[in-house]
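One-based numbering, in listed order, for ligands and for the atoms of each. These numbers were taken from a predicted model, which means no experiment stands behind them.
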Amino acid sequence: MKKIAILGSTGSIGTQTLDVIRAHSDELEVVALAAGSNKERLKEQIREFHPELVSLSDEKKAQELKEELAGEAVEVVCGMDGLIEVAGIDSADVVVTAVVGMMGILPTMEAIRKGKDIALANKETLVTAGHLIIPMARESILPVDSEHSAIFQCLQGEPKKALDKILLTASGGPFRGKSAEFLETVTLEDALNHPNWSMGPKITIDSSTMVNKGLEVMEAKWLFGVDYSQIEVVIQPQSIIHSMVQYIDGAVIAQLGTPDMRVPIEYALFYPERRSLPGDRLDFSKLSQITFEKPDYKVFRGLSLAIEAGKTGGTMPTVFNAANERAVAKFLKGEIKYTDIVRS
Ligand code: NDP
Ligand code: MG
């Protein structure tokens, strides 16, 4: 049995990770779960998966949960200390990092310190602390982000020195092809409506501004040890090619599939093996086209600014990421306009 701890179990990646674990319950077992404040969903997960330790960051809700579960064989902890305790739990082999934002740094470092494999979805951690995390643990980090999982799959069995460049694909989000003037009119509802993927609110907004792709460029730099000049963003609107790798002889290897996050999650949990996964398959007789475009760096300034921040290095990626986290949180609360996210 491989034992799993999930940071952010009630979110989009967290619940899809539990779907994968449910489908392979003869091989995977949940030992610890952590969430923010969604007590009811966490409680359902406890009933189904019987973890030994759970954490809620909301202290009041954690106290309520403790009382509701009194006498049961599960320990309830809370706050950042609780999240770190879940990340470092002795019994886990793999820690899935699926919380949003820089708050993932400390628990991720704790999991690495304790020798866990990390199935990493929480890209903001690498963007802001890649210089600390990668020297500690490149070999034990398994990418969950679909593009990085695709790149990782395309790199299997190839010598690192043969890599020429990474072709990081992007859907372009709901406002692909739109003008800067159009973006002034965007509402929260429009921005939350991603054409291909159903994800948590923060990454959905980041995908619409293309800041997500900028964060992914930085994530790729850390995960694969390449220079920024070796990463090219390519728009692939149908989200069928999840990314590609070009080798020094000009050969390009791509990873394709339907847009389904359970594929990269399962790959990370079973690497280097593969397991079956029910779901839609690509039907090349029906697939009429796979198209490509260049990103519009003028309209999607968030993408250009993110790449610039990455190239500048030092504290700049952290400053960029912190500003974006704050701006997106304000936009989600209706406190600023869509175009203020990148402007502010
Ligand atoms: P969601 O918003 O759906 O889920 C976030 C999770 O984090 C929830 O379980 C939430 O709990 C929990 N959480 C929030 N605050 C805290 C806290 N203070 N302490 C502990 N847990 C907390 O996010 P996603 O699943 O969409 O994204 C997770 C990460 O994965 C992000 O970094 C994102 O960029 C990355 N990612 C996501 C993809 C996707 O398809 N969703 C694809 C690729 C990467 P609660 O429910 O209680 O609030
Ligand atoms: Mg991605």
Side-chain angles (χ1 to χ4, degrees), residues 5-19 32-45 54-62 65 77-87 95-108 118-129 143-152 168-173 192 194 196-207 209-220 223 233 236 239 241-243 255 259-265 268 321 324-325 328-329 332:
I6 307 175
L7 314 181
S9 66
T10 52
S12 163
I13 294 291
T15 51
Q16 291 180 88
T17 302
L18 289 169
D19 289 344
L33 298 171
S37 58
N38 193 340
K39 185 186 73 171
E40 291 312 316
R41 186 170 285 176
L42 182 64
K43 210 167 146 185
E44 285 164 21
Q45 295 177 344
V54 297
S55 172
L56 273 176
S57 84
D58 184 315
E59 298 192 12
K60 193 167 156 278
K61 295 227 169 120
L65 185 65
V77 290
C78 67
M80 180 48 89
D81 288 348
L83 185 61
I84 292 174
E85 207 175 320
V86 166
V95 176
V96 179
T97 66
V99 290
V100 184
M102 288 186 281
M103 54 170 270
I105 297 174
L106 289 178
T108 305
I118 311 292
L120 185 133
N122 176 225
K123 65 191 84 183
E124 296 90 345
T125 285
L126 275 191
V127 166
T128 54
V144 166
D145 210 346
S146 58
E147 295 78 1
H148 303 76
S149 174
I151 295 160
F152 187 59
L168 185 72
T169 56
S171 71
L192 284 174
H194 195 278
N196 304 340
W197 298 94
S198 164
M199 308 177 285
K202 194 262 180 182
I203 186 176
T204 304
I205 302 301
D206 284 350
S207 300
T209 57
M210 291 202 71
V211 164
N212 180 53
K213 207 49 55 180
L215 299 177
E216 289 185 358
V217 168
M218 294 187 244
E219 185 184 8
L223 280 174
V233 176
Q236 202 290 282
S239 295
I241 298 182
H242 299 309
S243 276
Q255 191 259 343
D260 181 346
M261 284 309 296
R262 294 172 312 150
V263 178
I265 292 169
N321 181 73
N324 183 61
E325 280 189 26
V328 172
L332 286 168

Shortest protein contact, atom 20 (C) of ligand 1 (heavy atom only): Ala35 O, 3.2 Å

Reference residue Glu147; test side-chain hydrogen bond (donor to acceptor under 3.5 Å, both in side chains); the match among Lys123, Lys213, His242: Lys213

Geometric N/O contact Ile13 with ligand 1, under 3.5 angstrom: yes

Asn38-Thr10 side chain donor-acceptor pair, cut-off 3.5 Å: no

Polar proximity ligand 1 side, Gly36 side, N/O cut 3.5 Å exclusive: yes

Under 3.5 Å: N/O of Thr10 near N/O of ligand 1: yes

Atom indices of ligand 1 within 4.0 angstrom of Ala98 heavy atoms, with elements: 5 (C), 6 (C), 7 (O), 28 (C)

Protein contact to atom 35 (C) of ligand 1 [nearest heavy atom, distance to 0.1 Å]: Ala121 O, 3.2 Å

Residue pair Ala121 / Ile13: nearest heavy atoms and the distance that separates them: CB-CG2, 4.0 Å

Check: Ile203 N/O within less than 3.5 Å of ligand 1 N/O: no

Met80, Arg41, Glu40, Lys123: member with heavy atom nearest to atom 34 (O) of ligand 1: Lys123

Side-chain donor/acceptor of Gln236 to backbone N/O of Ile241, under 3.5 Å: yes

Heavy-atom nearest option to atom 40 (O) of ligand 1, drawn from Met103, Met199, Gln45, Lys61: Met199

Nitrogen or oxygen of Glu124 less than 3.5 angstrom from that of ligand 1: yes

Val144 backbone acceptor or donor facing Ser149 side chain under 3.5 Å: no

Under 3.5 Å donor-acceptor, Gln45 side chain and Leu33 backbone: no

Side chain to side chain contact (heavy atoms under 4.5 Å, CB included) partner of Ser55, the single match among Leu65, Val77, Leu7: Val77

Contacting atoms of ligand 1, where contact means under 4.0 angstrom from a heavy atom of Ser57: 17 (C), 18 (N), 19 (N)

Gly101 N/O under 3.5 Å from ligand 1 N/O: no

Donor-acceptor under 3.5 Å (Asn212 side chain, Ile203 main chain): no

Protein residue, atom and distance nearest to atom 31 (C) of ligand 1, heavy-atom basis: Val99 O, 3.7 Å

Backbone or side-chain N or O of Asn38 under 3.5 Å from ligand 1 N or O: yes

Side-chain heavy atoms of Glu124 within contact of Met103, under 4.5 Å: no

Minimal non-hydrogen separation, Met210 against Ala170, with atom names: CE-CB, 4.0 Å

Protein heavy-atom partner closest to atom 4 (O) of ligand 1 - residue, atom, separation in Å: Gly11 CA, 3.2 Å

Distance from atom 3 (O) of ligand 1 to nearest protein heavy atom, with residue and atom: Ser12 N, 2.8 Å

Of the N, O or S atoms in Glu216, the one nearest the Mg ion (ligand 2): OE2

Atoms of ligand 1 close to Ser9 [distance to a heavy atom under 4.0 angstrom, numbered from 1]: 9 (O)

Ser37, any N or O under 3.5 Å of ligand 1 N or O: yes

Pick from Leu33, Val100, Asn212: the one approaching atom 27 (O) of ligand 1 most closely through a non-hydrogen atom: Val100

Side chain to side chain contact (heavy atoms under 4.5 Å, CB included), paired with Met218, selected from Val127, Leu223, Leu126: Val127

Inter-residue atom distance Gln255.CD - Ser146.OG, 0.5 Å rounding: 8.5 Å

Apex the Mg ion (ligand 2) - arms OD1 from Asp145 and OE1 from Glu147 - angle rounded to 10°: 100°

